[in-house]
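First comes the structure, then the notes that go with it.
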There are 2 protein chains.
Amino acid sequence: MKQAKATAHTRLIKILKQNSLNITESRKKILQLFLEQDGALAHGDIEKRAGEKFDRVTVYRTLQTFVNKGIVHIIPTADNAIRYALCKDDCSEVGHDDHHIHFVCDNCHTTYCLDDIVTPDIRLPKGYSGRHVEMVVEGICKNCK
Amino acid sequence: MKQAKATAHTRLIKILKQNSLNITESRKKILQLFLEQDGALAHGDIEKRAGEKFDRVTVYRTLQTFVNKGIVHIIPTADNAIRYALCKDDCSEVGHDDHHIHFVCDNCHTTYCLDDIVTPDIRLPKGYSGRHVEMVVEGICKNCK
DNA sequence: ACAAAAAAAGCAACATTGTTGCAAAAGAAA
DNA sequence: TTTCTTTTGCAACAATGTTGCTTTTTTTGT
Ligand SMILES: [Mn+2]
Ligand SMILES: [Mn+2]
Ligand SMILES: [Zn+2]
Ligand SMILES: [Zn+2]
């Protein structure tokens with residue numbers, strides 16, 4: 001128990017250090033939320049679950065920092081409620097390199113990173129050049145079927 | 001000149017009638033914005049371009065009505081600025097049926113419906129079932145290359 | 001372990017965006 | 001034109017996001 005906790009804590013520190021981020025309470029807490037979470041988190045979720053302890057502004061700034069560092073990525077949705085999820089690909093300060101697709105459940109609204117499913121290549125019309133592809137599938141998830 | 005204007009006006013009326021919507025000034029004006037526009041419109045754009053004449057709330061409600069009727073569809077983006085574009089597929093009150101992909105220019109931020117490019121089929125993990133696929137490509141558009 | 005320097009957090013004030021209820025106005029129907 | 005129905009505008013509010021500045025925390029160097 002104490003060992004597991006120590007290990008989890010070490011992991012947080014390691015990730016923050018790797019990204020040249022100072023170790024602070026809010027960064028540890030918010031990063032922990034992502035690590036212990038299966039799906040993605042909306043800003044509101046994070047604010048509710050970490051925000052009792054931290055200022056709203058701190059949550060905004062921490063998420064922004066994490067996105068800039070390539071620790072989390074943004075999942076665009078049609079409901080004006082951006083979700084964030086841990087990056088599992090080769091993302092860094094230089095740029096994101098997430099190529100997986102996302103799944104949003106119509107029923108429970110859980111948002112999943114389907115890390116094993118790669119965004120397909122698209123042939124664009126003449127004159128357009130693509131840099132990044134975002135793909136979100138809506139439907140019923142494994143827990144709601 | 002007068003003829004062209006009359007024709008455009010007729011077209012507006014026709015679309016609204018087809019969707020069993022009453023003909024009102026705000027619906028005509030906002031629908032017109034979409035018809036004379038190449039790319040998609042963010043809510044803010046519409047508010048700026050129609051909002052001097054109409055209340056903000058009316059713009060929200062009109063867009064909501066258009067989405068419900070299948071006249072326009074929502075394009076999800078990562079910047080908390082939902083864009084709307086005319087539906088060109090078989091959308092109706094019953095449901096949307098848009099299968100094309102979207103393109104957002106990194107430079108000019110114009111959002112295009114690439115109506116001819118169909119969203120690819122995706123093989124989902126066991127237990128997941130897809131209903132709809134959203135695909136947005138980011139890059140440089142034909143006007144900015 | 002301590003002091004100095006740097007970075008982050010908290011706070012307050014503000015801006016933008018989105019929602020709701022209700023009265024007034026506009027549109028459709030007769 | 002009159003009546004009925006729908007839509008709009010308005011006001012008030014809620015939620016979300018941003019900025020400047022002060023205080024606190026964290027790091028660094030001794
Ligand atoms: Mn993801
Ligand atoms: Mn489209
Ligand atoms: Zn589900
Ligand atoms: Zn462009």
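Chain letters run A, B, ... following the sequence lines, proteins first, then strands; residues in each count from 1. No experiment lies behind these values; they were computed from the predicted model shown.
Direction change of the helix axis from one end of the helix from dA1(C)-dT30(D) to dA30(C)-dT1(D) to the other is 40°, with five pairs defining each end axis (rounded to 10°).
Contact annotation for R27(B): backbone-only contact, meaning every heavy-atom pair under 4.0 Å involves sugar-phosphate atoms and none involves a base.
Judged by distance alone, with hydrogens and angles left aside, R61(B) brings a side-chain donor or acceptor within reach of the base of dG9(D), the pair sitting under 3.5 Å.
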Measure all distances between protein nitrogen or oxygen atoms and nitrogen or oxygen atoms of nucleotides 24-26 of chain D, and list the pairs falling under 3.5 Å.
residue	atom	partner	partner atom	Å
dT26(D)	O3'	I23(A)	O	3.3

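Judged by closest nucleotide on DNA chain C, D55(A) is the one of D55(A) and Y60(B) placed further toward the 5' end. Each of T62(B) and L21(A) has a nearest nucleotide on DNA chain D; the 5'-most of these lies closest to T62(B).
In the hydrophobic clustering, I75(A) connects to V104(A), V136(A), either directly or through intervening members, whenever side-chain heavy atoms lie under 4.5 Å apart.
Residue R123(A) qualifies as open at atom CZ: its count of foreign heavy atoms under 6.0 Å is 12 or below.
Checked against a 6.0 Å centroid threshold, the rings of F103(A) and Y128(B) count as neighbours.
In the hydrophobic cluster analysis, where Ile, Leu, Val, Met, Phe, Trp and Tyr join through side-chain heavy atoms closer than 4.5 angstrom, L35(B) is grouped together with I74(B). Cluster annotation: I23(A) is connected to I30(A) through the hydrophobic network of ILVMFWY side chains, with a link wherever side-chain heavy atoms come within less than 4.5 Å.
R56(B) places its CZ atom 15 Å from the P atom of dT16(D), with the value rounded to the nearest Å. Between the C1' atom of dA15(D) and the CD1 atom of I46(A) lies a distance of 16 Å, rounded to the nearest Å. Distance I82(B) CD1 to dT16(D) P: 14 Å, rounded to the nearest Å.
Across every non-hydrogen atom of I82(B) and A78(A), the tightest pair is CD1-O, 3.1 Å.
Residues passing the side chain to side chain contact (heavy atoms under 4.5 Å, CB included) test with K145(A) are I140(A), sequence neighbours excluded.
Taking the 5' to 3' direction, DNA chain C first and last meets chain A under 4.0 angstrom from a heavy atom at dA7(C) to dG18(C).
Screening T111(A), D115(A), D116(A) against C113(A) for a side-chain contact (heavy atoms from CB on, under 4.5 Å) leaves a single residue, D115(A). Residue C87(B) is tested with H96(B), K69(B), H100(B) for a side-chain contact (heavy atoms from CB on, under 4.5 Å); the sole match is H96(B).
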Table please: side-chain donor-acceptor pairs of residues 52-63 of chain A below 3.5 Å, with sequence neighbours left out.
residue	atom	partner	partner atom	Å
D55(A)	OD2	V57(A)	N	2.9
T62(A)	OG1	T58(A)	O	2.7

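At a cut-off of 3.5 Å, with distance as the only test, no side-chain donor of N22(A) or T24(A) sits close to an acceptor on the other residue.
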